[in-house]
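What follows is a set of notes on a single structure, which appears directly below.
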Amino acid sequence: MKQLYYQTTTTWTLISLKFPQKNSSELVLSNHPEINFTEVEILVEDVQQAHSELSKNEEIQWIRTPFATESGHIAVMEAPDGNVFVLVGK
């Protein structure tokens, strides 16, 4: 699926490639000019529970705490090594 997104002064593309198995991974590519990191999404059973457990580690920084989407919830964290992970699930 290819989608174009527009802001006031910027246009960017988001391309999603799903793997054949329904509950498998998905590769998403974007050329958003303000995103200068690789975004890795991790499918979890329950985003709010994962957030609660991971919040016990003070070295994890939360970019976005869990929020609802059309298909479940998402949270965005920065790991102690600086990598950013997006938790997706119910």
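Minimum heavy-atom separation, Gly89 to Leu43: CA-CD1, 4.2 Å. The two residues Gln48 and Pro66 have their closest heavy-atom pair at CG-CB, 3.9 Å. In terms of heavy atoms, Met77 sits closest to Leu54 at SD-CD1, 3.8 Å.
Placement of Phe67 and Val86 within a single hydrophobic cluster is found when ILVMFWY residues are connected by side-chain heavy-atom separations under 4.5 Å, directly or transitively.
Considering only residues two or more places apart in sequence or on other chains, His51 meets the ring pair (Phe, Tyr, Trp, His ring centres under 6.0 Å) condition with Trp62. For Glu41, there are no salt bridge (Lys or Arg N to Asp or Glu O under 4.0 Å) partners two or more places apart in sequence or in a different chain.
In this structure, CG in Leu29 is found 6.0 Å from CD1 in Ile15, a value given to the nearest 0.5 Å. We find the CG-CG distance between Leu87 and Asp46 to be 10.5 Å, quoted to the nearest 0.5 Å.
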In sequence, state the C-alpha distance, the side-chain angles, and the governing distance for Val47 and Ile74, and then conclude on side-chain contact (heavy atoms from CB on, under 4.5 Å). CA-CA 6 Å; Val47 172; Ile74 294 177; 5.8 Å; no

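Annotation: side-chain hydrogen bond (donor to acceptor under 3.5 Å, both in side chains) contacts involving residues 81-90, sequence neighbours excluded, comprise Asp81-Asn83.
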